[in-house]
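Here is how names work: the chains are called A, B, and so on, in the same order as the sequence lines, proteins then strands, and each is numbered from 1.
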Amino acid sequence: MSLKITNLHAGLPDREILKGLNLEVKPGEVHAIMGPNGSGKSTLSKVMAGHDDYAVTSGEVMLDDINLLELSVDARARAGLFLAFQYPHEIPGVSNANFLRAAKKARLPEGEEIDAIKFYKEMYARMDALEMDRSFTSRSVNEGFSGGEKKRNEILQLMMLEPKYAVLDETDSGLDIDALKIVARGVNAMRSPDRGFLLITHYQRLLDYIQPDFVHVLMDGKIVHSGGRELALELEAKGYDWLKEEELATA
Amino acid sequence: MSATLAPTPQISPMPSDTASGLELISPDRTNSSAPQWFFERSANAWGEFQKLPVPSIKDESWRYSNAKRISLNSIHPAEAANEHLEAAAVAASEGLATAGARFVFVNDRLVVSETQGLPEGVVCLPLEEALQSHSALLEEHFMKRESFLGSAKFASLHLAHVKAGVVVFVPAQMEIENPIEVFHWIKGANAAIFPHTLVITGDHAKVSVVDHYRSDDGVVGLSCAVSDVIAGNGSSITYVACQELGNEGQALHLSSTTAQKDSLVKSFQAQLGAGFSRTESVSNLVGAGSRSDMLSVSMPIADQVVDQRTLQRHLAPHTFSDLLYKNALYDRSRAIFSGLIHVFEGAHYTDAYQTCRNLLNSEEAEASSMPGLEINADQVKCSHGSASSPVSEEELFYLKARGIPDAEARRLIVLGFLKNALGRLENEVVEAMIIARMEEKFARIAVQAAV
C-alpha cells in the first residue's frame, strides 16, 4: 500500500519536464519535495491529478493497487488522491458549502444523499479549527478570498474529503506567518497512520511547521537527492548548486 | 354587451397544403360576451395582422433570427382539450411552493381558478370575466401598447385571437404577499394559444405575478403571449415569465413595463424550452424616480434558438434601469441578444445599464449580441456590454479534482453563472421555483448526454 511513482516521463506536448521520476509515499509518511524553479514540481502535482495540458509518455502512478493514470480527473480524486492547489480557482456563483456537498456526494453510492445536519456540523468544526469565519460557507468558492483564505479553504477541503494521499502544491506560497501556522495546524491534524502526504515547496519555512519524514530534491525532472528533515536545512543554507555539481560529478 | 355585436365570423376556408392555419383562420368570437370596444380592437387587429408582412431576416429587429421559424401555416387556434389532457396538465402544473392565487389554462380555456388566498379588494380575474366586470379599466389599458421591437404582426395576431389570461389590479396601498401564479398549457398537435397578462398597481401597491408557458415534447404548437405591466406611483411589481414549451414548440413573449413615479418593476424571463423562442421586452420609465430591472436566464440545448430583444426607454429624469441577461448555451443552440437603451430628451440624471453574458458549453453553440445606446439627455450614466466565453477548463479541473464528475461540475458552474441574475429578484419563493425549473432542464441535459 502506497502512492508509488515509477519512472514517470511527462510534460507539455513540445517539452519533456519529468524525466524518469521515482517516488514512493507510504501511509503515515510525510514527504517533502523541494527544488529550484522550473525543476518540475508543479508539473508533478498536475500530472498526478490528471490535468489535460500535460501528457504522460511513460511510467506509472499507482495509488495502492489502482493505476491512477488510467482514470479521469474526478475518478482519481474519488480513488483517494487530493491535490491542494498552488493557485486555487474561483468559481463564481457556486457556494463553498454546495461545492463541498457535491464533492462529498460524489463519494457516496448512487442515489444516497448527504446527511445535511451532520455535514454542517462537521464543516463548522473544521472551519473553527482553521479559524475560518462561518460566512465562508455561503460565499462563492474562492471568489474574492485573500491568498491566505484560499489556502485555508484548500485545507478545509482536505479535511472534509479525508483522502488517502494528499499532495500539497506550494501551499506555503503567499502566506504570512500566522496563516502558515494555521494551515500547518490543519495539515498536522490530518496526519494519521492511514494517510500519506507529499509537500511540494520552494522554501524550507513550511517544514518548520509540518515536519517531514523524508525530503527529496527535484532537479530537471528527476529526484536527485533524498534524505531526512536535516536535508531541508542544508538546502536552505547551501542552495541547490552543490547538488547540481554533485550530479555532474556522478554523471 | 351581446354576442350579436361581434363581427361576423369568417368561414374558414378548406384546409390546403399551403396555408391552412393562422394565416387564414379568423378568430371566432361568436360565444364571447366581451364589450364592444374589445370586439372592435380585436377585429381591427385581425385586419392589421393580415396586412402586415411576415418580418424578414433583413429587418434590423430580426437580424440573426428568423420569423419563418414561427410557422403559422400549419397551426390553428387551440380547440378545447379533452378531460384527460386537461387533468394531465393540471397534475403537471407544479410551480411555486406558496401562491396567493393560482390559475391553470389549457388551450386558452380556464380549468383551475383559486383566488381565496387574496385579500378583499384586489382584482384578479380571468380575462373574459374582467372584460365584463372591469370594462372601463381594460379599455384604458388593454393592448394600448406599441410594438417597438419587430413583432407588430404577432401582437396583432395576439389581439385578434386573445381570450385567455389573467388581469390583476391591486388598489392603492395594498400589498399582496404571495405571488399570483398562472399556467398556460398547449395540449394537442398544431395548436396555438394567446395568453394575456395585464398587471396594474395603484399608488404604493405591491404584487408579484408568475406566468408559466408549457407544452409536451414532440408536439408542434405556438404560444403567442403578451404581458403588460403598469406600475402606479411608488408601487412595486415583480413579473416572471417561465417558458418551458416542448422542443417542437414556438414561443413568443411580447411584454411591456410602464413605470410611473418612484415605482419599482422587476421582470424576469426564464426561457427554458421551445425550439424557437423570442422575447420582446420594453421598459417605459415614464415617471421620475422609477426603476426597472430586466433579468433573464436561458439554457438552450440541441438546436434551440433563444431570440431576445429589449428596449429601455427613459422618458423622465432620475430614472434607473438595469438589464442582466444570461444565457448558458449547449450543443448547436443559438442565442441572439439585441438591446437598446434610449434616453429621451429631458430624461436627465438617467442611470441605464445593460449586460448580456453567454456561457458556451459547446464549440458549436453560437451567441450574437447587439447592444445599443441612444442618448438625448445630459448627466446620464449608461453602460452596456456583452461577452461570450466557454466554460473555463480551469474551473472544471478544479471541481473535478475534488471528485465531482464532469456533468455535475458543469451543472454547478452553469447554475453559478445563471444564479446572480436570479438573486436580483430578492424573492426566495420565486427563486426556488425557477431553480427547480432549471433543475428540470439540467435533468434533460444529463439524459441527453447519457444517450
Side-chain angles (χ1 to χ4, degrees), chain A residues 45-54 68 71-108 110 138-143 150 153-154 156-158 160-164 166-167 169, chain B residues 295-297 299 324-328 355 357-361 363 387-426 428 431-432 434-436 438-439 442-443 446-447 449-450:
Chain A
S45 68
K46 288 199 171 140
V47 166
M48 289 168 81
H51 197 288
D52 296 356
D53 284 356
Y54 300 90
L68 279 189
L71 300 181
S72 61
V73 177
D74 50 305
R76 291 180 196 199
R78 292 193 301 273
L81 181 73
F82 181 90
L83 167 63
F85 282 69
Q86 182 180 4
Y87 302 111
H89 278 280
E90 301 185 358
I91 321 276
V94 179
S95 77
N96 235 359
N98 280 347
F99 165 52
L100 281 168
R101 267 177 94 134
K104 281 230 172 220
K105 188 166 185 278
R107 287 160 171 78
L108 293 178
E110 179 95 30
S138 55
R139 284 176 63 181
S140 294
V141 178
N142 297 326
E143 199 178 41
K150 282 182 181 171
N153 206 29
E154 293 295 288
L156 174 64
Q157 293 163 40
L158 165 69
M160 293 296 285
L161 299 176
E162 301 179 314
K164 288 182 188 158
V167 180
D169 187 4
Chain B
L295 308 163
S296 176
V297 297
M299 301 165 62
L324 179 61
Y325 272 44
K326 297 204 123 183
N327 305 305
T355 306
R357 292 266 180 279
N358 300 295
L359 183 65
L360 308 170
N361 282 277
E363 285 181 12
S388 299
S389 56
V391 171
S392 154
E393 288 297 326
E394 292 305 321
E395 285 179 26
L396 270 178
F397 178 67
Y398 187 73
L399 295 177
K400 288 196 233 176
R402 296 298 175 252
I404 301 170
D406 184 76
E408 174 64 6
R410 286 178 185 276
R411 190 189 73 91
L412 286 170
I413 290 170
V414 170
L415 198 57
F417 167 77
L418 297 174
K419 251 187 187 167
N420 73 334
L422 212 52
R424 293 258 302 268
L425 276 174
E426 294 172 320
E428 274 180 33
E431 284 172 44
I434 296 168
I435 286 181
M438 283 160 48
E439 293 290 4
F442 281 121
V447 167

- prompt: Side chain, backbone, both or neither: which part of Pro88(A) has a heavy atom under 4.5 Å from chain B?
  reply: both

Could you work out all donor-acceptor pairs shorter than 3.5 Å where one atom is in chain B and the other in chain A?
residue	atom	partner	partner atom	Å
Glu394(B)	OE1	His51(A)	NE2	3.3
Glu394(B)	OE2	His51(A)	NE2	3.0
Tyr398(B)	OH	Asn142(A)	ND2	3.2
Tyr398(B)	OH	Glu154(A)	OE2	2.3
Tyr398(B)	OH	Gln157(A)	OE1	3.4
Tyr398(B)	OH	Gln157(A)	NE2	3.0
Arg402(B)	O	Arg107(A)	NH1	2.6
Arg402(B)	O	Arg107(A)	NH2	3.2
Arg402(B)	NE	Gln157(A)	OE1	2.4
Arg402(B)	NH1	Leu83(A)	O	2.8
Arg402(B)	NH2	Leu83(A)	O	2.9
Arg402(B)	NH2	Glu154(A)	OE1	2.7
Arg402(B)	NH2	Gln157(A)	OE1	3.4
Gly403(B)	O	Arg78(A)	NH1	2.9

- line: Shortest non-hydrogen pair, Ala77(A) vs Gly403(B), comes out as CB-N, 3.3 Å

- prompt: Which atoms form the tightest heavy-atom contact between Ala49(A) and Phe397(B), and what is the distance?
  reply: CB-CZ, 3.8 Å

query: Does any heavy atom of chain A fall under 4.5 Å from the side chain of Phe417(B), the backbone, both, or neither of them?
result: backbone

field: Stepwise side chain to side chain contact (heavy atoms under 4.5 Å, CB included) check, Ile91(A) with Leu412(B)
entry: CA-CA 9 Å; Ile91(A) 321 276; Leu412(B) 286 170; over 6 Å; no

- prompt: Do you know which of Ile413(B), Leu399(B), Leu415(B) has the most heavy-atom pairs with chain A at a distance under 4.5 angstrom?
  reply: Leu399(B)

